[in-house]
Each structure stands twice: as C-alpha cells, then as structure tokens.
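Report on the following structure.
Below, each value reflects all heavy atoms present in this structure, side chains not excepted, and no hydrogens, waters or symmetry copies.
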Amino acid sequence: MDVFEAICVVDGGIRLCISVLPHAGKSGFEGVDKWRKRLVVKVKSLPQNNEANKEVVELIERITKCRCEIVCGWKNRQKTVLIHGNRDRVLQSLRDVLTKDLNG
C-alpha cells in the first residue's frame with residue numbers, strides 16, 4: 001500500500017485516515033496499517049478523558065500548521081481527521097514528515 005492511499009483531498013481540506021496507538025513512548029507517525037489502509041500514529045497520552053484525541057489533533061496541527069478535527073472515530077482507534085487549509089501546503093507538510101518519519 002502506498003502511504004498516500006490514507007490521504008484524500010476533499011472539499012474543505014484533506015481527509016486523513018489513521019490508526020492510533022496510545023500510551024506510546026513517543027508521539028509521531030509510526031508506519032502504515034496496510035490492511036486497514038491507514039497511517040499509524042503513536043501518542044504518549046492514554047485513551048482517557050479524550051487525552052489521546054487531543055494529542056492526535058495537536059500533533060497533526062503542529063505538522064501541518066492548519067486547524068484539524070477528528071470527524072469520525074472519537075471512541076475508536078481508527079479515526080478520520082479533516083485538516084482544514086491550503087491543500088497543496090497540507091499535502092507537502094504531510095509528505096515531508098511522512099518521508100522523514102517512515103524512512104528513518
């Protein structure tokens with residue numbers, strides 16, 4: 001699976017399909033879940049009191065410099081995130097961090 005199968009351009013921004021691994025040693029993109037066609041995102045927070053969800057949003061907003069929101073999967077490890085903003089800039093930001101995080 002190409003990592004960019006989990007990223008889709010939609011009206012209003014970019015839709016990102018992710019699987020979240022909470023209570024990790026560090027936060028960031030970990031790899032690809034080929035079966036679910038989702039990017040794997042690790043977060044330090046526990047999945048209690050929406051802490052992991054908040055960390056996912058903060059991580060993606062820090063990477064893309066754009067506002068984002070979880071639009072599906074608030075109580076599930078499989079989530080869909082909508083990133084609002086300039087599509088080209090968001091795609092480039094994701095491409096940069098994914099290339100760096102997943103290749104070394």
Side-chain angles (χ1 to χ4, degrees):
M1 177 194 135
D2 179 13
V3 68
F4 293 99
E5 286 183 56
I7 301 170
C8 182
V9 176
V10 296
D11 285 339
I14 303 293
R15 187 178 66 221
L16 187 63
C17 297
I18 63 172
S19 289
V20 178
L21 297 177
H23 201 218
K26 67 175 189 167
S27 298
F29 288 94
E30 175 65 18
V32 177
D33 182 333
K34 293 179 183 179
W35 185 69
R36 289 186 175 96
K37 296 188 178 185
R38 293 178 177 272
L39 297 174
V40 178
V41 177
K42 292 171 49 172
V43 293
K44 294 179 186 178
S45 300
L46 294 172
Q48 298 169 344
N49 302 320
N50 282 322
E51 293 302 316
N53 286 334
K54 291 174 191 172
E55 189 174 344
V56 165
V57 168
E58 290 168 2
L59 174 70
I60 295 171
E61 285 181 344
R62 187 173 64 246
I63 289 168
T64 63
K65 308 285 190 265
C66 293
R67 186 176 66 82
C68 74
E69 62 183 314
I70 297 172
V71 294
C72 185
W74 270 94
K75 294 184 178 188
N76 194 316
R77 289 185 184 205
Q78 282 71 50
K79 301 181 185 304
T80 303
V81 177
L82 178 60
I83 305 167
H84 303 277
N86 180 286
R87 294 176 191 159
D88 293 333
R89 193 176 84 214
V90 170
L91 286 171
Q92 187 59 51
S93 298
L94 290 170
R95 186 174 289 116
D96 291 347
V97 77
L98 291 170
T99 301
K100 182 181 136 235
D101 284 0
L102 302 181
N103 291 330

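Closest approach of Ala52 and Val43 over heavy atoms only: CB-CG2, 4.0 Å. The heavy-atom pair separating Lys37 from Ala6 by the smallest distance is O-CB, 3.6 Å. Looking at every heavy atom in both residues, Lys26 comes nearest to Lys44 through CA-CE, 3.8 Å. Here the closest heavy-atom approach between residue Leu21 and residue Arg77 is recorded as CD2-NH1, 4.4 Å. The nearest pair of heavy atoms linking Arg87 to Asp11 is NH2-CA, 3.6 Å. Nearest heavy-atom pair, Asn49 versus Lys54, reported as atom, atom and distance to 0.1 Å: O-NZ, 3.9 Å.
Here the side chain of Glu61 pairs a donor or acceptor atom with the backbone of Cys68 at under 3.5 angstrom.
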Would you please test Ile83 and Val81 for side-chain contact (heavy atoms from CB on, under 4.5 Å) and show each step? CA-CA 6 Å; Ile83 305 167; Val81 177; 4.3 Å; yes
Taking it one step at a time, do Arg38 and Thr80 satisfy side-chain contact (heavy atoms from CB on, under 4.5 Å)? CA-CA 9 Å; Arg38 293 178 177 272; Thr80 303; 4.2 Å; yes
Worked verdict on Val40 versus Ile18 for side-chain contact (heavy atoms from CB on, under 4.5 Å): CA-CA 6 Å; Val40 178; Ile18 63 172; over 6 Å; no
Show, in sequence, the C-alpha distance, side-chain angles and deciding distance for Ser93 and Lys65, and conclude whether the side-chain contact (heavy atoms from CB on, under 4.5 Å) test is met. CA-CA 8 Å; Ser93 298; Lys65 308 285 190 265; 5.7 Å; no
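With no hydrogens or angles considered, no side-chain donor-acceptor pair links Ser45 and Glu51 at under 3.5 Å. For the residue pair Gln92 and Asp88, no side-chain donor N or O sits within less than 3.5 Å of a side-chain acceptor on the partner. In summary, the side chains of Lys79 and Asn53 do present a donor paired with an acceptor at a separation below 3.5 Å, with no hydrogens or angles considered.
For His23, the NE2 atom is loosely surrounded, since the number of other residues' heavy atoms within 6.0 Å does not exceed 12.
The line from CG of Leu59 to OG of Ser27 is 6.0 Å long, rounded to the nearest 0.5 Å. Taking SG from Cys66 and CG from Leu82, the interatomic distance works out to 11.0 Å, rounded to the nearest 0.5 Å. Put simply, CG on Leu94 and CG on Leu39 are 8.0 Å apart, with the number rounded to the nearest 0.5 Å.
When the side chains of ILVMFWY residues are joined at heavy-atom separations under 4.5 Å, either directly or via intervening members, Trp74 and Val20 end up in a single hydrophobic cluster. By the rule that hydrophobic residues join a cluster once side-chain heavy atoms approach within less than 4.5 Å of another member, Val9 and Ile60 end up as members of one cluster.
Among residues two or more places apart in sequence or in another chain, the side-chain contact (heavy atoms from CB on, under 4.5 Å) test is passed with Asn76 by Gln78.
Side-chain atoms of Ile7 and Arg15, non-hydrogen and from C-beta on, never get closer than 4.5 Å to each other. Looking only at side-chain heavy atoms (C-beta outward), Leu91 and Ile14 come within less than 4.5 Å of each other. Counting heavy atoms from C-beta outward, Val97 and Phe29 have side chains that approach closer than 4.5 Å.
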